[in-house]
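The structure under discussion appears below in the form of structure tokens.
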Amino acid sequence: MNDIDLTYTGKYIPLSREELIQKLDDALTQSRFEHVLRVEQMAIELAKRNVEDIEKASVAGLCHDYAKQRPDDDFLEVIKKYHLDDLLLHYGNAIWHGEVGYLLVQDELGVTDIDILNSIKHHTTGAKYMSKLEQIVYMADYIEMGRDFPGVEDARKITFNDLADGVAYQTKHTLEFLISENKPVYPKTIDTYNAWVNGSNIK
């Protein structure tokens, strides 16, 4: 799993890849840690296919779930500290670990690159506008090779063929799932749907 030969330049994070992986290993359960390694692998693959910076894809892929297993109080403290939208208080970890957790990546891991931080922020909800890197991390989290759900092979095929179509596919199917389970839909997910799915040919 940890066989990627990549030396960080220090441009995006003041840690070596090995140091970052150790911090993630300390912060996450074994299954979640293995997930972030697979997301990194998929993010690098998608970066190669879409002519994106491999190092940025690696950092963002590894860091996307850094805050996933933090206690609620940590997120509530950050929401208060940074005066984030009170709407966030009506949601939980599924939204917080991205929409709030990117600030913990910034503060605790020293990542300052806005593209990487936005990729972490939007990896669950998507956004109306997403850079190439944001699309890559959004999709890498969804189609990493440990994922096994109905339609995942279609999602991989679509994403490998066209990244934006992958974004549309994930967004549509995630929204359908949330509706079918009577789950709350974070408003940014609706924005993502309107921007990426509306008018597309994705089934």
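Note that this is a predicted model, so its numbers are computed, not measured. Computed from heavy atoms alone, side chains included, the values below leave out hydrogens, waters and symmetry copies. Numbering starts at 1 and runs along the sequence shown.
In this structure, Lys157 NZ and Asp162 CG are separated by 15.0 Å, a value rounded to the nearest 0.5 Å. Rounding to the nearest 0.5 angstrom, the gap separating the CG atom in Asp148 from the CD atom in Glu153 is 8.5 Å. For the atom pair CG of Asp85 and CD1 of Ile79, the computed distance is 9.5 Å after rounding to the nearest 0.5 Å. Summarising the geometry, atom CG belonging to Leu46 is positioned 5.0 Å from atom CD1 belonging to Ile143; distances are rounded to the nearest 0.5 Å. To the nearest 0.5 Å, atoms CD (Glu34) and CG (Asp25) are separated by 9.5 Å. Between atom SG of residue Cys63 and atom CG of residue Leu109 there is a gap of 5.0 Å, rounded to the nearest 0.5 Å.
Exactly one residue among Arg32, Arg38, Lys68, Arg147 makes a salt bridge (charged side-chain N to carboxylate O under 4.0 Å, His left out) with Asp141. That residue is Arg147.
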Phe149 vs Tyr142, side-chain contact (heavy atoms from CB on, under 4.5 Å): CA-CA, chis, key distance, verdict: CA-CA 10 Å; Phe149 57 84; Tyr142 191 63; 3.5 Å; yes

Verdict with reasoning, Arg156 to Met145, per side-chain contact (heavy atoms from CB on, under 4.5 Å): CA-CA 9 Å; Arg156 290 184 184 121; Met145 297 311 291; 3.5 Å; yes

Chi angles and distances behind the side-chain contact (heavy atoms from CB on, under 4.5 Å) call for Ile190, Leu175: CA-CA 8 Å; Ile190 302 294; Leu175 189 56; 4.2 Å; yes

Ser200 vs Val197, side-chain contact (heavy atoms from CB on, under 4.5 Å): CA-CA, chis, key distance, verdict: CA-CA 5 Å; Ser200 77; Val197 184; 4.2 Å; yes

Criterion salt bridge (charged side-chain N to carboxylate O under 4.0 Å, His left out) on Lys48 and Glu45, from CA distance to verdict: CA-CA 5 Å; Lys48 289 175 179 176; Glu45 174 62 29; 5.3 Å; no

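Scanning all heavy atoms of the two residues, the minimum distance from Gly166 to Thr159 falls at CA-OG1, 3.4 Å. Across Asp115 and Ser131, no two heavy atoms sit closer than the pair OD1-OG, 2.5 Å. Between Leu24 and Leu62, the closest heavy-atom pair is CD1-O, 3.4 Å. Contact record, Asp113 with Lys56: OD2-CE, 3.6 Å, taken as the closest heavy-atom pair. Shown here for Arg49 and Phe160, the closest heavy-atom pair between the two residues is NH1-CB, 3.5 Å. When every heavy atom of Val137 is checked against every heavy atom of Ala60, the shortest pair comes out as CG2-CB, 3.6 Å.
Tyr66 is listed as a side-chain neighbour of Glu108, based on a closest heavy-atom distance under 4.5 Å. Looking at Met139 and Glu134, their side chains never come closer than 4.5 Å, going by heavy atoms from C-beta outward. In this structure, Val78 and Asp74 have side chains that are not in contact, with every pair of non-hydrogen atoms separated by 4.5 Å or more.
Taken together through direct or relayed side-chain contacts under 4.5 Å among Ile, Leu, Val, Met, Phe, Trp and Tyr, Tyr129 and Ile116 form parts of separate hydrophobic clusters. By the criterion of side-chain heavy atoms lying less than 4.5 angstrom apart, applied directly or through intervening Ile, Leu, Val, Met, Phe, Trp or Tyr residues, Val39 is not grouped with Tyr12; the two fall into different hydrophobic clusters. A single hydrophobic cluster is seen to contain both Val59 and Leu6, as judged by linkage of ILVMFWY side chains at heavy-atom distances under 4.5 Å, directly or through other members. One hydrophobic cluster, built from ILVMFWY side chains closer than 4.5 Å, cannot hold both Leu28 and Met42; they sit in different ones. Residues Met130 and Leu117 fall into different hydrophobic clusters, defined by Ile, Leu, Val, Met, Phe, Trp and Tyr side chains chained together at heavy-atom separations under 4.5 Å.
Under 3.5 Å, the side chains of Gln22 and Glu18 contain no donor-acceptor pair of N or O atoms. Between the side chains of Ser58 and Tyr8, at least one donor-acceptor pair of N or O atoms lies under 3.5 Å.
Judged by distance alone, the side chain of Trp196 and the main-chain N or O of Ala127 form a donor-acceptor pair under 3.5 Å. Panel note: side chain Asn50, backbone Glu52; no donor-acceptor pair is recorded below 3.5 Å. A donor-acceptor pair is defined here as one N or O able to donate and one able to accept, closer than 3.5 Å; such a pair exists between the side chain of Gln170 and the backbone of Tyr138.
The distance between the ring centers of His122 and His64 does not fall below 6.0 angstrom.
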Please tabulate, for side-chain N and O atoms in residues 179-187, each donor-acceptor pair with protein atoms closer than 3.5 Å (sequence neighbours left out).
from: Ser180; atom 1: OG; to: Glu176; atom 2: O; distance (Å): 3.4
from: Ser180; atom 1: OG; to: Phe177; atom 2: O; distance (Å): 2.8

Got a list of side-chain donor-acceptor pairs under 3.5 Å for residues 94-106, not counting sequence neighbours?
from: Trp96; atom 1: NE1; to: Leu88; atom 2: O; distance (Å): 2.8
from: His97; atom 1: ND1; to: Asn93; atom 2: O; distance (Å): 2.8
from: His97; atom 1: ND1; to: Ala94; atom 2: O; distance (Å): 3.2
from: His97; atom 1: NE2; to: Asp65; atom 2: OD1; distance (Å): 3.1
from: His97; atom 1: NE2; to: His123; atom 2: NE2; distance (Å): 2.9
from: Glu99; atom 1: OE1; to: Lys188; atom 2: NZ; distance (Å): 3.1
from: Glu99; atom 1: OE2; to: Thr125; atom 2: OG1; distance (Å): 3.1
from: Glu99; atom 1: OE2; to: Lys188; atom 2: NZ; distance (Å): 3.2

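A cation-pi arrangement is not found for Arg70 relative to Phe75, the charged atom failing to lie both closer than 6.0 Å to the ring centre and inside a 45° cone about the ring normal.
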